[in-house]
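Everything on this sheet refers to the single structure shown next.
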Amino acid sequence: MASTRRPEHLAPPELYYNEVEAKKYTQNSRIIEVQEKCSARALELLALPDDEPCFLLDLGCGSGLSGEAITENGHYWTGFDISQAMLDVAVEREVEGDMVLSDLGQGLPLRPASYDGAISISAIQWLCNADKKEHVPAKRLYKFFMTLYACLCRGSRAVFQFYPENDKQVELIVSQAMKAGFTGGLVVDFPNSTKAKKIFLVLMTGGRTALPKALTGEESSQQQHTQALYERRDRTRGFNRTNLKREWILRKKERRRKQGRDVRPDSKFTARKRSGKF
Amino acid sequence: MKTLLQLSNIFHDRINTIKSIRNMKLITHNMLTSNALKTVKEGYPLQIYVDEVKQVDVDFQQQFITKTVSKLNWKALLFGAKCIGHSEGLPETLPENWESNDELLKKLHHVLLEIEVITGSLECPETKRRFPISNGIPNMLLNEDEV
Ligand SMILES: C[S@@+](CC[C@H](N)C(=O)[O-])C[C@H]1O[C@@H](n2cnc3c(N)ncnc32)[C@H](O)[C@@H]1O
């Protein structure tokens, strides 16, 4: 990609994500789909305990699409973002999480061991840029990772989907994360497809654990098999994610009807999975 | 006496309130600090000043509340609840068998998740630096000379 087309080179994030850009997160179906898929995958990589509601961070939560994915999975969240316009869209979307206007590069203003995990979708490459004369990217990244490490409960993870500009950026980001105490590394899904390729940084707070496997697009029958097993087990325990999500949406709609608002009628398609690759 | 501008601002906020349901809750207040300010040691708990609060309905999820309470700073919760005028019925310390105390868990669910600050501010206990809350969102952005 020509360097001039990278948004980070055009303006600082709080200006780049203005009303016009923010509006795309409610109207552009491609942007919405990519955000939703990345969020779902990031949550999968977090490997949260089954059947247990968790308290998560959404870093660069923006318009709240990633936050909605968290809610749909039965978890609670707090979002941080530097763009007022993006947060305004999230407020309009009536997301369930609390949000804070802040600059990740100034560190997370949170007390220790408060959260069970963190996701971040298409945001941290922004920290590689110096938008003000005081900005030193390595320092800002270190401060960010250090404060993140502190506010996570031991054993939890942070998963970042991001768009590095080059290998040097990857190295910069990873090295600052390790310096702050994290272990982990990159998981690259669909590495051979220019369109579907997605890069995830999976960080862990609890010693050395093996990195999760990347998706290749030709998942073996073995993997599909494990998925089927999961579904079967869930069903026998009377726990089915699609149903859980459907119930959640129906309840949310009911609340809105009570408040006298316009709500789409329920149908058999409510909460059905839209599947497929990126 | 309020100026016309203030009045129109208030009116504007009221309209926003009707539109939005998610605003700063005490669960978030319990986690937030001002220690990103370079001169601040703890920056906790933040004082809350309220201009407008709102109550909403959130489904009671016992497992989540139990898990959250075990991570809470109880003193900061009491302090926050007092700031927004909702501390009634909260014990001075967390009683021993709180996990099986349904009434207390429901009360905690209510103060932590169902009361929201829409406009107001948070204040650093050490420097008195204020962080405005508007449209339910605290603004924790710092000037570069504060970090
Ligand atoms: C591609 S958008 C992702 C939006 C979000 N995941 C969603 O669901 O809408 C990237 C977001 O990162 C935010 N961001 C960029 N730099 C940031 C910084 N230094 N601090 C906080 N947020 C930042 C932007 O404001 C923007 O909302």
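Residue numbers start from 1 in every chain, and the chains themselves are labelled A, B, ... in the order their sequence lines are given, proteins ahead of strands.
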Exercise for the section: Check for a donor-acceptor pair, side chain of B:Lys25 on one end and backbone N or O of A:Asp98 on the other, with a separation under 3.5 Å. Expected result: no
Exercise for the section: Below 4.5 Å from any heavy atom of chain B, which atoms of A:Glu14 appear? Answer side chain, backbone, both or neither. Expected result: neither
Problem - Heavy-atom check, side chain of A:Glu134 versus side chain of B:Asn143, under 4.5 Å - result: no
Exercise for the section: Return the minimal non-hydrogen interatomic distance between B:Lys67 and A:Cys54, and the atom names on each side. Expected result: NZ-SG, 3.4 Å
Handout entry: For chain B, which residues of residues 106-113 of chain A have heavy atoms nearer than 4.5 angstrom
Key = A:Gln106, A:Pro109, A:Leu110, A:Arg111, A:Ala113
Completion exercise
Interface check, chain B: of A:Ile82, A:Thr147, A:Val100, most non-hydrogen pairs under 4.5 Å belong to A:Val100
Practice task
Quick one: pull up NZ in B:Lys71 and CZ in A:Phe55 and give me the separation to the nearest 0.5 Å.
Solution key: 7.0 Å
Fill in the blank from the handout: Across all chains, not counting sequence neighbours, the side chain to side chain contact (heavy atoms under 4.5 Å, CB included) partners of B:Pro132 are B:Asn139
Exercise for the section: Would you indicate whether the side-chain heavy atoms of B:Met140 and A:Phe80 approach each other to under 4.5 Å? Expected result: no
Practice task
Taking the side chain as every heavy atom from C-beta outward, state whether A:Tyr76 and B:Thr68 have any pair of such atoms under 4.5 Å apart.
Solution key: no
Practice task
Calculate, to the nearest 0.5 Å, the distance between atoms OG1 and CD1 belonging to A:Thr78 and B:Ile27 respectively.
Solution key: 7.0 Å
Exercise for the section: Give, for atom CG of B:Asn135 and atom CG of A:Leu87, the distance between the pair rounded to the nearest 0.5 Å. Expected result: 9.5 Å
Exercise for the section: Please round to the nearest 0.5 Å and tell me the distance separating atom CG of A:Asp103 and atom CG of B:Leu141. Expected result: 6.5 Å
Exercise for the section: Considering non-hydrogen atoms only, spot the tightest contact between A:Leu101 and B:Ile137 and give its length. Expected result: N-CG2, 3.6 Å
Problem - Contacting region of A:Lys133 [heavy-atom separation from chain B under 4.5 Å] - result: neither
Fill in the blank from the handout: Closest non-hydrogen contact found for A:Pro53 with B:Gln63 is CD-OE1, 3.2 Å
